[in-house]
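Numbering starts at 1 and runs along the sequence shown.
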Amino acid sequence: MQHTETNEQTAAPALRRSLQPLMPTRLTESRPDGYNIYPAHSLESGKIASGYAGLASWIAGHKFVAIDGFQGVFFAAIRSALDEELRSAGITANWIDAADFIKPEDQVTQLVSPFTGEPGTVWGTRSTLKLADFFDLPNENISLEGNQLTILIGTGAALLAPSAALVYIDLPKNELQLRMRAGAANNLGSTRQAENAETYKRFYFVDWVVLNAHKKEILPRIAVMADGQWPDNLTWMTGEDLREALAAAATSVFRVRPWFEPGAWGGQWMKERIAGLNPEEVNYAWSFELIVPENGLVFESDGTLLEVSFDCLMFAQRDAVMGDFAERFGDEFPVRFDFLDTWNGGNLSIQCHPTLPYIQQHFGEKITQDETYYILDCQPDADVYLGFQDGIDPVEFRNELEKSQQTGSEVDIHQYVQRFKASKHDLYLIPNGTVHSAGKGNLVLEISATPYIFTFKMYDWLRLDLNGKPRAINIGHAFNNLDFSRQGEKVVNELISKQQTIANGADWQIVHVPTHEAHFYDVKRLEFDTQLEQQTSGSPHICMLVEGESVQVVLKDGRQVQYHYAETFVIPAAAGTYSVINNGRTRAKIVQAYLKPNQH
């Protein structure tokens with residue numbers, strides 16, 4: 001799965017390119033009765049402020065302030081707005097730009113080159129750099145001179161002024177990418193806009209790695225956390241209140257903010273069923289429901305919204321979230337949920353994912369892209385491609401793929417890859433190295449290990465992307481990883497989950513939906529008419545209501561939250577015992593993914 005393409009033919013605002021609107025700064029009065037694209041975690045009154053005036057007043061109460069933040073934040077606009085507020089209060093600030101201390105661009109390019117791969121290639125290698133490596137740090141930290149208010153602003157400001165009162169401006173990574181597509185955001189230390197795929201590759205393998213590590217290091221001393229996704233406004237809260245909110249979320253239940261993307265094969269299921277999505281978009285191929293590197297966590301107070309990156313929760317509360325698995329997976333929440341929408345759309349590419357040694361050696365990742373496809377909904381003719389036909393000749397298969405890539409000839413893929421009719425609630429197992437594709441007519445809940453861009457496409461049905469350009473084909477990488485033993489009856493026996501009821505009562509049952517031995521996570525389906533109690537048993541539970549109207553999640557301390565059909569929510573390991581109550585008139589069914597006990 002990759003998502004670097006977009007429909008560039010549509011008009012877009014100058015500072016971002018998307019048909020999807022910005023998240024509002026405040027909760028709207030009319031909230032949807034169903035799937036909510038802006039889920040928010042409510043805090044006490046007075047915890048989140050809005051606007052530059054209040055932040056400027058806070059800054060004026062200090063003599064030395066560092067305003068740090070993520071790449072893509074519009075620091076110049078923020079400086080201008082704050083300076084205007086300060087001047088109106090009779091305060092003249094001494095501003096220092098952290099960007100003045102970043103190394104020259106040619107040095108930055110040389111610094112990152114070992115991690116960005118060859119130009120035009122899809123992948124790089126996870127960086128081992130630190131943010132300080134990008135700076136020519138002064139011999140002494142910048143400090144306050146005289147009585148004038150001094151403000152150091154820009155990414156890395158906290159490095160240069162560790163004694164300053166620290167404001168951090170976060171930016172959701174989806175908005176960063178939309179700014180990138182509009183040419184309004186570059187890579188760290190770059191002044192020239194590279195081609196989007198190259199910029200995204202730098203983000204993923206270098207910038208995000210470096211900036212996330214920096215954010216984790218300074219999170220305990222952040223005095224103010226601000227949300228910088230709105231070009232003409234921001235919302236903010238104190239660091240103390242943020243850390244308390246993260247601690248509360250880590251023992252309760254949370255849902256991250258999903259975001260949605262069109263794609264060459266995208267469908268219409270989400271567009272037709274999810275309120276708030278722009279119906280003018282050509283399709284929606286993905287919904288990123290729960291991916292640590294990309295999603296944000298939204299807080300609300302008095303109706304005002306503030307979003308921080310999901311990984312802030314992991315940095316601050318990983319032990320509570322991960323329980324017995326914290327040491328193994330660290331800050332990386334290891335399971336992701338996302339939608340693949342091919343409803344009235346097209347087939348995904350014929351593809352596979354890297355083996356664990358391969359992804360570690362070539363891309364620097366710790367875990368690999370082991371996936372499953374859970375069929376949330378499907379049309380009558382929907383199918384799934386999985387595993388090879390019995391007796392396949394790998395050489396012949398590769399020759400056909402390469403011929404197609406060179407000449408544009410069609411491949412009769414059914415001669416080589418098996419195809420199975422899809423049915424609701426089926427689970428198809430896709431351990432690394434397995435050839436697979438989701439056929440048209442599906443709404444797939446992809447339950448997977450967290451890595452998500454390492455898709456080796458072998459055949460893409462000769463189609464172009466939404467910009468009219470050929471999509472990348474990676475036959476060499478694929479054949480370095482394909483498991484040709486997964487063919488014939490072995491596919492039926494080992495890669496289609498054999499579901500079994502393992503517990504039941506008068507109005508409920510629990511169905512085990514077993515995964516492959518290569519998967520470090522397992523799946524159950526909770527089916528109940530009234531309510532059911534569960535125990536986390538040392539692992540977070542990643543859940544989705546896959547049938548029914550809505551459920552109430554009730555924690556052992558009485559806290560409760562409602563979730564609707566197709567919404568993903570997480571019960572942290574530290575929550576312990578919890579109950580799910582069916583709010584609907586028909587049986588509720590919840591998919592529950594969790595980490596296998598023998599995987600700590």
Side-chain angles (χ1 to χ4, degrees), residues 35-36 39-42 245-258 289-292 295 297-299 310-314 316-326 328-329 331-338 374 445 447-450 503 508 510-513 515 520-528 531-548 550-583 588-597 599-600:
Y35 186 105
N36 183 6
H41 301 77
S42 294
L246 294 172
T251 59
S252 178
V253 55
F254 63 85
R255 180 175 173 232
V256 301
R257 177 162 80 95
E289 294 291 310
L290 180 79
I291 304 179
V292 169
N295 290 106
L297 191 65
V298 182
F299 294 106
F310 176 19
D311 45 30
C312 283
L313 179 64
M314 298 302 296
Q317 296 290 333
R318 75 173 197 188
D319 289 353
V321 173
M322 294 300 299
D324 295 342
F325 299 84
R328 176 180 176 187
F329 293 107
D331 300 328
E332 300 291 334
F333 192 84
V335 176
R336 65 176 162 88
F337 274 26
D338 59 88
Y374 188 94
L445 165 59
I447 303 172
S448 175
T450 295
W508 61 272
I510 298 176
V511 180
H512 185 209
V513 189
T515 57
F520 55 70
Y521 55 89
D522 210 350
V523 176
K524 293 177 184 174
R525 187 171 59 249
L526 315 179
E527 304 182 357
F528 55 101
Q531 69 180 63
L532 199 58
E533 185 175 286
Q534 290 288 286
Q535 170 60 242
T536 59
S537 301
S539 168
H541 286 182
I542 307 94
C543 302
M544 177 183 287
L545 182 63
V546 296
E547 201 165 299
S550 71
V551 294
Q552 208 79 8
V553 178
V554 182
L555 284 302
K556 59 186 177 183
D557 62 2
R559 287 178 289 178
Q560 53 183 288
V561 184
Q562 184 181 45
Y563 294 104
H564 295 90
Y565 175 63
E567 292 185 332
T568 297
F569 54 95
V570 178
I571 314 290
T577 301
Y578 65 97
S579 296
V580 283
I581 299 173
N582 184 4
N583 293 329
K589 296 182 180 181
I590 293 175
V591 159
Q592 179 195 86
Y594 55 95
L595 300 170
K596 291 178 179 177
Q599 295 291 328
H600 340 149

K.L.:
Kindly write out the residues that satisfy side-chain hydrogen bond (donor to acceptor under 3.5 Å, both in side chains) with R525, not counting sequence neighbours, or none if the list is empty.
P.N.:
Y374, Q499, E527

K.L.:
Could you walk me through whether D311 and D331 pass the side chain to side chain contact (heavy atoms under 4.5 Å, CB included) check?
P.N.:
CA-CA 7 Å; D311 45 30; D331 300 328; over 6 Å; no

K.L.:
Just verifying a value: how many Å separate D338 CG and I291 CD1, rounded to the nearest 0.5 Å?
P.N.:
5.0 Å

K.L.:
Establish, yes or no, whether a centroid distance under 6.0 Å links the rings of F520 and F329.
P.N.:
yes

K.L.:
With heavy-atom distances below 4.5 Å as the criterion, would you say the side chains of P334 and M322 are in contact?
P.N.:
yes

K.L.:
Would you call V553 and Q534 a side-chain contact if the rule is heavy atoms closer than 4.5 Å?
P.N.:
no

K.L.:
Does this structure show an ion pair linking D522 with K596, if we count only N-O contacts that are shorter than 4.0 Å?
P.N.:
no

K.L.:
From N36 CG over to R257 CZ, what is the distance, rounded to the nearest 0.5 angstrom?
P.N.:
11.0 Å

K.L.:
With a 4.5 Å cut-off on side-chain heavy atoms, are L555 and V253 touching?
P.N.:
yes

K.L.:
Does S539 reach the side chain of P597, with side-chain heavy atoms less than 4.5 Å apart?
P.N.:
no

K.L.:
Quick check: closest heavy atoms across A250 and V321, and the distance to 0.1 Å?
P.N.:
CB-CG2, 4.1 Å

K.L.:
Heavy atoms, side chains only, cut-off 4.5 Å: are V591 and V513 in contact?
P.N.:
no

K.L.:
Identify the heavy atoms of R559 and A248 that sit nearest to each other, and give their distance.
P.N.:
NH1-O, 3.4 Å

K.L.:
What are the two closest non-hydrogen atoms of A588 and V551, and how far apart are they?
P.N.:
CB-CG1, 4.0 Å

K.L.:
Would a 4.5 Å heavy-atom cut-off, applied to side chains only, mark Y563 and L545 as touching?
P.N.:
no

K.L.:
Is a side-chain N or O of T515 found less than 3.5 angstrom from the main chain of Y521, in a donor-acceptor match?
P.N.:
yes

K.L.:
Which value, rounded to the nearest 0.5 Å, describes the distance between F337 atom CZ and T568 atom OG1?
P.N.:
6.0 Å

K.L.:
Is any side-chain heavy atom of S537 closer than 4.5 Å to a side-chain heavy atom of Y594?
P.N.:
no

K.L.:
Run the side-chain donor-acceptor check on residues 569-580: report pairs under 3.5 Å with partners two or more places apart or on a different chain.
P.N.:
unit_1, atom_1, unit_2, atom_2, d
T577, OG1, Q535, NE2, 2.7
Y578, OH, H541, ND1, 2.7
Y578, OH, Q592, NE2, 3.1

K.L.:
Could you tell me if the side chain of L526 sits less than 4.5 Å from the side chain of W508, heavy atoms only?
P.N.:
no

K.L.:
So, taking the atom named CD1 in I447 and the one named CD1 in I542, what distance separates them when rounded to the nearest 0.5 Å?
P.N.:
9.0 Å

K.L.:
Which pair of heavy atoms, one from V256 and one from E289, lies closest together, and at what distance?
P.N.:
CG2-O, 3.0 Å

K.L.:
Quick check: closest heavy atoms across Y35 and P258, and the distance to 0.1 Å?
P.N.:
OH-CG, 3.3 Å

K.L.:
Supply the atom-to-atom distance L246 CG to F299 CZ, rounded to the nearest 0.5 angstrom.
P.N.:
4.5 Å

K.L.:
For the pair R336 (side chain) and L290 (backbone), establish whether a donor and an acceptor sit closer than 3.5 Å, ignoring hydrogens and angles.
P.N.:
no

K.L.:
Any chance you could measure Q560, atom CD, to S252, atom OG, to the nearest 0.5 Å?
P.N.:
10.5 Å

K.L.:
Under the side chain to side chain contact (heavy atoms under 4.5 Å, CB included) rule, what do I510 and L532 come out as? Steps first, then yes or no, please.
P.N.:
CA-CA 10 Å; I510 298 176; L532 199 58; 4.2 Å; yes

